[in-house]
Amino acid sequence: MKEEAVIINLPKFPDRRGNLSVVEEEMNVPFKVARTYWIYDVPGGEKRGGHAYRRNRELIVALSGSFDVMVDDGHGTRRSFRLSRSNYGLYVPAGTWRELSDFSTNSVALVIASEPYDENDYIRSLKQFKEYVRDKNGIGS
Ligand code: TYD
């Protein structure tokens, strides 16, 4: 069965000195971590993402502030998640179109990824993404 984008509730250790949350590979994310990057200083109204990956899987966490993540499975199901708390992550399976938008001031998006950076893993056109999903699932599915 095809995997779906899902919110993962991460451990949170509340403390009078402040909270602590953690992601451990294959425990809180269903993959081995190859890479971590973050998106920050996003000007108001800008969008990031707007592509899919063939193999890369991700966990996206709002470390600060808030933003929307829209995911599209290529079969006509589009969902939007507003990330605003540092102890929740959005797991995005491979083969998912995703766009990040509506960043609040000073927001920081942490992205934990299953694959090293590879431009050839990107599908940057929505039309090509839909064709990719259709071809992958075979005619008639
Ligand atoms: P990109 O993934 O295209 O960002 P977005 O989808 O938000 O527009 O990455 C932007 C640039 O950063 C791109 O030129 C390649 C570079 N980049 C790396 O070199 N390594 C990475 O791990 C990532 C995510 C991006």
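Atoms within a ligand are numbered from 1 in the order they appear, just like the ligands themselves.
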- request: Considering only protein heavy atoms, determine whether one is less than 4.0 Å from atom 3 (O) of ligand 1.
  value: yes
query: Within a strict 4.5 Å, meaning less than it, do heavy atoms of the R48 and F67 side chains meet?
result: no
query: Could you give the distance from OH (Y37) to CD (E58), rounded to the nearest 0.5 Å?
result: 3.5 Å
- prompt: Which residue from Y117, W38, Y53 reaches closest to atom 23 (C) of ligand 1 through any of its heavy atoms?
  reply: Y117
field: G49-ligand 1 polar pair, N/O distance under 3.5 Å
entry: yes
message: Just so I know, are the side chains of M70 and W97 near enough to count as touching, which here means a heavy-atom distance under 4.5 Å?
response: yes
field: Any protein heavy atom nearer than 4.0 Å to atom 7 (O) of ligand 1
entry: yes
message: Quick test: of every protein heavy atom, which one is nearest to atom 1 (P) of ligand 1, and how far off is it to 0.1 Å?
response: Y122 OH, 3.7 Å
- request: May I ask whether R124 has any heavy atom positioned less than 4.0 angstrom from an atom of ligand 1?
  value: yes
task: Could you grab the distance from atom CG of L100 to atom CD1 of I60, nearest 0.5 Å is fine?
output: 5.0 Å
task: Compare all side-chain heavy atoms of T36 with those of L110 and state whether any distance is below 4.5 angstrom.
output: yes
Within-cut-off N or O pair, R48 and ligand 1, under 3.5 Å: yes
message: Would R54 and Y132 count as a cation-pi pair here, with the cationic atom under 6.0 angstrom from the ring centre and within 45° of the axis?
response: yes
message: If you scan the protein for heavy atoms around atom 21 (C) of ligand 1, do you find one that is closer than 4.0 Å?
response: yes
task: Identify, for atom 24 (C) of ligand 1, the protein heavy atom at the shortest distance, and state residue, atom and that distance.
output: R35 NH1, 3.3 Å
message: I need the contact type for E119 against ligand 1. Using non-hydrogen atoms and a strict under-4.0 Å cut-off, is it side chain, backbone, both or neither?
response: neither
query: Which of the numbered atoms in ligand 1 are below 4.0 angstrom from a heavy atom of Y37?
result: 24 (C)
message: A side-chain contact here means heavy atoms from C-beta on lying under 4.5 Å apart; do R82 and D102 qualify?
response: yes
message: If you measure every N or O of H51 against every N or O of ligand 1, does any of those distances drop under 3.5 Å?
response: yes
query: Would you say D68's side chain and S101's backbone share a donor-acceptor pair under 3.5 angstrom?
result: no
